[in-house]
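The first residue in the sequence is number 1, and the count goes up from there.
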Amino acid sequence: MGQQNNDEIEIDLQELFSVVISHWLPILAAIIVMGAAGFAYGRFFVTPQYSSSATLFVLSKSTSITSMADIQVGTNLTSDYMQVVKARPVVEQVMESLGVANTYNNFVGKISVSNPSNTRFLRITVTDPDPAFAKTVADELADVSAAFISEKMDQEAPTIISYGYSDGHPVTHSARYYAAIGGLAGGAAMVVIVVLMYLLNDKIMTPEDLEKRTGLNVLATLPYDD
């Protein structure tokens with residue numbers, strides 16, 4: 001009985017696969033249409049974004065690199081400085097220096113600050129459709145943040161290891177990426193529709209369907225005449 005059930009399941013899967021293959025044309029059409037839609041979306045509705053990063057080092061010149069206590073202090077300060085970089089006074093000063101006419105909430109969305117694991121480095125990253133402007137903002141943020149920390153927090157200014165740079169490649173996905181995602185989604189959706197139509201179809205269309213559903217043998221068939 002177990003072997004019989006396994007055979008029936010295998011036959012059903014083979015039939016289901018055959019049904020899917022027989023509908024290759026609408027599946028291919030769905031892939032093409034959705035792929036074209038995804039490409040159009042990525043080409044005309046997604047603005048390429050570029051990023052530029054400047055790096056600060058929190059360990060000051062007066063800190064002894066052999067002292068574990070000093071190193072721990074530097075690590076703790078790194079977490080504090082991450083909040084300073086995106087603070088309103090720092091960001092608004094950068095906007096004023098660069099003559100940017102924008103609100104704080106909109107402008108700060110371009111800025112991200114990260115701290116690579118087990119380091120005292122601060123990476124200030126600015127993302128913008130203009131790569132040159134992203135670099136300019138990243139450089140100004142590094143300068144203003146270092147000066148603000150030195151003046152307002154009574155700490156030695158962190159060292160600027162490197163100013164921003166951009167390799168000219170956008171950090172957002174290309175139109176081909178959206179085309180691939182759209183094509184895969186369209187093809188998968190059409191396959192699901194074909195499978196559901198097959199599974200939900202309980203009509204008896206052929207003698208084989210009758211034998212399969214009732215377990216009875218078909219002795220003869222009569223042609224249907226309108």
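- Inter-residue side-chain proximity for P170 and Y50 is flagged as met; some heavy-atom pair is nearer than 4.5 Å.
- The hydrophobic clustering, which links ILVMFWY residues whose side-chain heavy atoms are closer than 4.5 Å, places L98 and I160 together.
- The side chain to side chain donor-acceptor pair (under 3.5 Å) contacts involving residues 16-42 comprise nothing, where partners must be two or more places apart or lie in separate chains.
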Next on the checklist: Could you walk me through whether L184 and I31 satisfy the side-chain contact (heavy atoms from CB on, under 4.5 Å) test, starting with their C-alpha distance in whole Å, then the side-chain angles of each, then the deciding distance to 0.1 Å, before giving a yes or no?
Outcome noted: CA-CA 7 Å; L184 288 175; I31 293 175; over 6 Å; no
Item to check | Worked verdict on I181 versus R176 for side-chain contact (heavy atoms from CB on, under 4.5 Å) | outcome: CA-CA 9 Å; I181 294 298; R176 288 179 296 179; over 6 Å; no
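- Using a 4.5 Å cut-off on side-chain heavy atoms (C-beta onward), F148 and P89 make contact.
- Put simply, V19 and V195 are part of the same group of oily side chains (I, L, V, M, F, W, Y) that touch within less than 4.5 Å, one to the next.
- Between the side chains of T103 and N106, a donor-acceptor pair is found at a separation under 3.5 Å.
- Remark: K86 engages no residue in a salt bridge (Lys or Arg N to Asp or Glu O under 4.0 Å) (not counting sequence neighbours).
- Judged by distance alone, the side chain of T136 and the main-chain N or O of A132 form a donor-acceptor pair under 3.5 Å.
- The cluster map of Ile, Leu, Val, Met, Phe, Trp and Tyr, joined by side-chain heavy atoms under 4.5 Å apart, puts F44 and Y178 in the same cluster.
- A continuous path of hydrophobic side-chain contacts links Y177 to F45 [ILVMFWY only; heavy atoms under 4.5 Å].
- In terms of modelled atom types and a separation under 3.5 Å, the side chain of N115 and the main chain of L122 share no donor-acceptor contact.
- One finds the OG atom of S52 at 11.5 Å from the CZ atom of F133 (value rounded to the nearest 0.5 Å).
- Evaluated for a side-chain contact (heavy atoms from CB on, under 4.5 Å) with L141, the options L56, T125, I111 yield exactly one hit, I111.
- The only option from V126, V171, T172 that meets the side-chain contact (heavy atoms from CB on, under 4.5 Å) definition with S51 turns out to be V171.
- A 4.5 Å side-chain heavy-atom check between F121 and V58 finds every atom pair outside the cut-off.
- Listed here is the closest heavy atom pair of M190 and A30: CB-CB, 3.9 Å.
- Looking at heavy atoms from C-beta onward, F107 lies in side-chain contact with V91 at the 4.5 angstrom threshold.
- Residues V137 and D128 fail the side-chain proximity criterion, which asks for heavy atoms closer than 4.5 Å.
- Rounding to the nearest 0.5 Å places CZ of F57 at 12.5 Å from OG of S162.
- The line from CG of D80 to CD of Q83 is 8.0 Å long, rounded to the nearest 0.5 Å.
- S114 is linked by a side-chain contact (heavy atoms from CB on, under 4.5 Å) to R123, counting only residues two or more places apart in sequence or in another chain.
- Taking each heavy atom of Y163 and K135 in turn, the nearest pair found is CB-NZ, 4.4 Å.
- Here the straight-line distance linking atom CD of E92 with atom OG of S97 works out to 11.5 Å at 0.5 Å rounding.
- Each of V144, V85, V108 was compared with V90 under the side-chain contact (heavy atoms from CB on, under 4.5 Å) criterion, and only V144 meets it.
- Put simply, CD on E140 and OG on S145 are 9.5 Å apart, with the number rounded to the nearest 0.5 Å.
- Tracing side-chain contacts under 4.5 Å through hydrophobic residues (I, L, V, M, F, W, Y), one reaches V194 starting from L199; they form part of the same cluster.
- For Y104, the OH atom sits in a packed shell: over 12 heavy atoms of surrounding residues, nucleotides or ligands are nearer than 6.0 Å.
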Checklist entry - Does the side-chain contact (heavy atoms from CB on, under 4.5 Å) test come out yes or no for I124 and T55, once each step is laid out? => result CA-CA 6 Å; I124 303 172; T55 304; over 6 Å; no
Next on the checklist: Set out, in order, the CA-CA distance, both residues' side-chain angles and the distance that settles side-chain contact (heavy atoms from CB on, under 4.5 Å) for V46 and H173, then state yes or no.
Outcome noted: CA-CA 9 Å; V46 177; H173 294 300; over 6 Å; no
